[in-house]
Amino acid sequence: MNNNENIIEIKGLKKSYDNGKIKALNGMDLEVKRGEFISIMGPSGSGKSSLLNMIGALDRADEGSIKVAGIDLMKTKKLYEFRSKEIGFVFQMHNLIPNLSVLENVQIPMFETKTSSKDMKKRALELLKAVNLEDKINQKPTRLSGGERQRVAIARALVNHPSIILADEPTGSLDSKTGEVILNLLKDLHSKENVTLVMVTHEPYVGKMAERIVTVLDGKCQNIIQSSQAG
Amino acid sequence: MCIGTIKGCEKKLIMSFLSLVVKNPFRNKTRSALAIVGISIGIIVIVALGMVTGGLENSTQSTLKAGAAEITVIQTGSSSFGSGGSLNESLAASLLNISGVKDTAGILRATNTSTTVATTTSNSSSGGFGAEGGVSVTGIDANKLSLIGVDTINGTAFTNTSTNQVIMGTTIAQSLNKTVGDTIDLYGKNFTITGTYETGNFITDAGIMMPLSTLQNLTNNQNKISDVLVKVTDNANVTTVSQSIENAYPNQLSTTTAADEANRINQGLSFINTASWAISLLAIFIGAVGVINTMIMSVYERTREIGVLKAVGWRDRRILGMILGESIVLTLLAFVIGTIVAVVGVELILTLSPSVGGIIKPSFAYDIFLRAFVVAFLVGVIGGLYPAYRASRLSPTEALRYE
């Protein structure tokens, strides 16, 4: 796999809500290389989450073009298949299923992949070991700390070998110390699994951990800087 | 024991879509339990009434059994039961001359309301079988018992010349707590029970039989009979023979065929069946509303979770299948609980009340349970369809934003 190729190509992307009254994306342009770690920053309502939703195929744009992992998301009909194969989501509120064990939560995305039960278990255990939760596999999420829950969510995001991890404020509900552990884990797994990491954040110190910081304002990409220049 | 480490827990770790579907309804135990109770009530009604009406239908069918008389002849205008002797005994022999008649038996039906029996009965644990209307006693020739449906006797039949021997139906024997060798007071006389019988017909099994001449003497009906039982030849048409008898004795004799009798009882049972279905449908409707409510609430509460499942790549069809499956799990569980409660309940009621238990032998025909299963399954599908469709059509972004 060539790490110089663009895994995300967005041109003139527009998305509006409420009959055009709210312009979430207003001509967004963005290119992301395979294996890159970028953070998307900007004030509330600037279009960060909408951009993430478009990349993750959770929503369709009104205009423009968006190609992710070589798939034209304006044209493809099987968005669920794209999400299953190419995308791993990490949400601010982890969103684990409370009545399932840690291990079962991690296995959930594999239901659509025709993986055997044995292989599902093997892959989930491998990732839970990677996030240091091998001793909690049978516990319910309600008995875990916030940091542990987020680690389960990270394992779940990686379970289908996605090309891209989309993390929406992954440290937003954690204290700074736990947040740092989670960020280091994400960064570490991003390198080990050679997965592209796109992270939305409000926190400048979190943003600086990325290779590039993309600032979004009024539904457009305003500024792209290398993290080392962020100062 | 599996404490939570990878080692030793392998069997527990395998997860399937089915296990998820089975687990999910019990996230809100109280709500699911209430939905299950609602459907269970409907299932109890279907199974319990099915068992009871099925048992009565079986009893009706036994009136048509081979060997027994196909036609009952009575005097025009009299009732079939307990009418006393209105026909001459010689009629039974005369009817043999009619074409198609193979055998006949003159019988005398009477009701014993003697104080002794009524007291015995009302003091029995049964709660008074016969205490209100007395005990049905039939006088019949011992070698004609097969015409009334008595093929096998536990013990021996009475002898025609005896004046103190009877045989007793199992229902009344059970009700009066009598067995072979015991005695019973009838018409102020002591009779020995020489045998018990079971025909499957709840009316016959609730009666007592003795020699025709003995009953005639006890009831002052010398040479009189109330009915003639007619068995037709193998090739004869029952309706034609029945008509021939009425034609031979115009305005004197009326005939009833066993098939007519069965049809009349079946009509009554059909009415009970219709009523039980109406009750069942009402109970099922209430239960189905409960299931829909449960599933809609469940989908509302799990909107965000459904958004996550969509985000991780679950297709709409899988989400629809999951919610629909959860609804079916609820109703099938209700089927199991309802069936167990109905079977145990019916058996318990019939055991605690031998007088009723003796009359009704509950049916365990598979179609009763199949019907309940199909109803439960359909309620699960219908109750879960809208919530499942709604869940599958949720927009992932809206679902993930749901608070």
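Just so we're on the same page: letters track the sequence lines, and every chain starts at 1.
One finds no salt bridge joining A:Lys23 and A:Glu63 here, because no Lys/Arg side-chain nitrogen approaches an Asp/Glu carboxylate oxygen to under 4.0 Å. Comment: A:Lys129 does not engage A:Glu126 in a salt bridge, judged by the lack of any side-chain N to carboxylate O separation of less than 4.0 angstrom. At a threshold of 4.0 Å, the pair A:Lys192-A:Asp188 counts as salt-bridged, since one of the basic side-chain nitrogens sits closer than that to a carboxylate oxygen. In summary, A:Glu81 and A:Lys85 engage in a salt bridge, as defined by a charged side-chain N under 4.0 Å from a carboxylate O. Using a cut-off of 4.0 Å between Lys/Arg side-chain N and Asp/Glu carboxylate O, A:Asp62 and A:Lys15 are scored as salt-bridged.
For the residue pair B:Asn24/B:Glu326, the side-chain donor-acceptor check at 3.5 Å is satisfied. Checking A:Ser163 against A:Glu86 by side-chain atom types alone, a donor-acceptor pair falls below 3.5 Å.
Under the 3.5 Å distance criterion, the side-chain polar atoms of A:Arg149 are matched with a main-chain donor or acceptor of A:Pro141. Distance alone, capped at 3.5 Å, is enough to place a donor-acceptor pair between the A:Ser101 side chain and the A:Glu104 backbone. Proximity of a side-chain donor or acceptor of B:Ser363 to a complementary backbone N or O of B:Gly55 within less than 3.5 Å is not detected.
Neither the backbone nor the side chain of B:Asp316 comes within contact range of chain A, judged by heavy atoms closer than 4.5 Å. Neither the backbone nor the side chain of A:Ile87 comes within less than 4.5 Å of any heavy atom of chain B. Neither the backbone nor the side chain of A:Phe82 comes within contact range of chain B, judged by heavy atoms closer than 4.5 Å.
For A:Met93, the CE atom counts as loosely surrounded, since its 6.0 Å shell holds 12 or fewer non-hydrogen atoms of other residues, nucleotides or ligands. Within 6.0 Å of the OH atom in A:Tyr80, the count of heavy atoms belonging to other residues, nucleotides or ligands exceeds 12.
Using non-hydrogen atoms only and a strict 4.5 Å limit, the part of residues 292-307 of chain B facing chain A consists of B:Arg304, B:Glu305. Near-neighbour residues of residues 37-45 of chain B relative to chain A, defined by a heavy atom under 4.5 Å from a heavy atom of that chain, are none. Residues of residues 387-398 of chain B lying within less than 4.5 angstrom of chain A, judged on heavy atoms, are B:Pro396, B:Thr397 in numerical order. Using non-hydrogen atoms only and a strict 4.5 Å limit, no part of residues 364-371 of chain B faces chain A.
Remark: B:Arg318 fails to qualify as a cation-pi partner of A:Phe111 under the 6.0 Å distance and 45° angle criteria applied to the six-membered ring.
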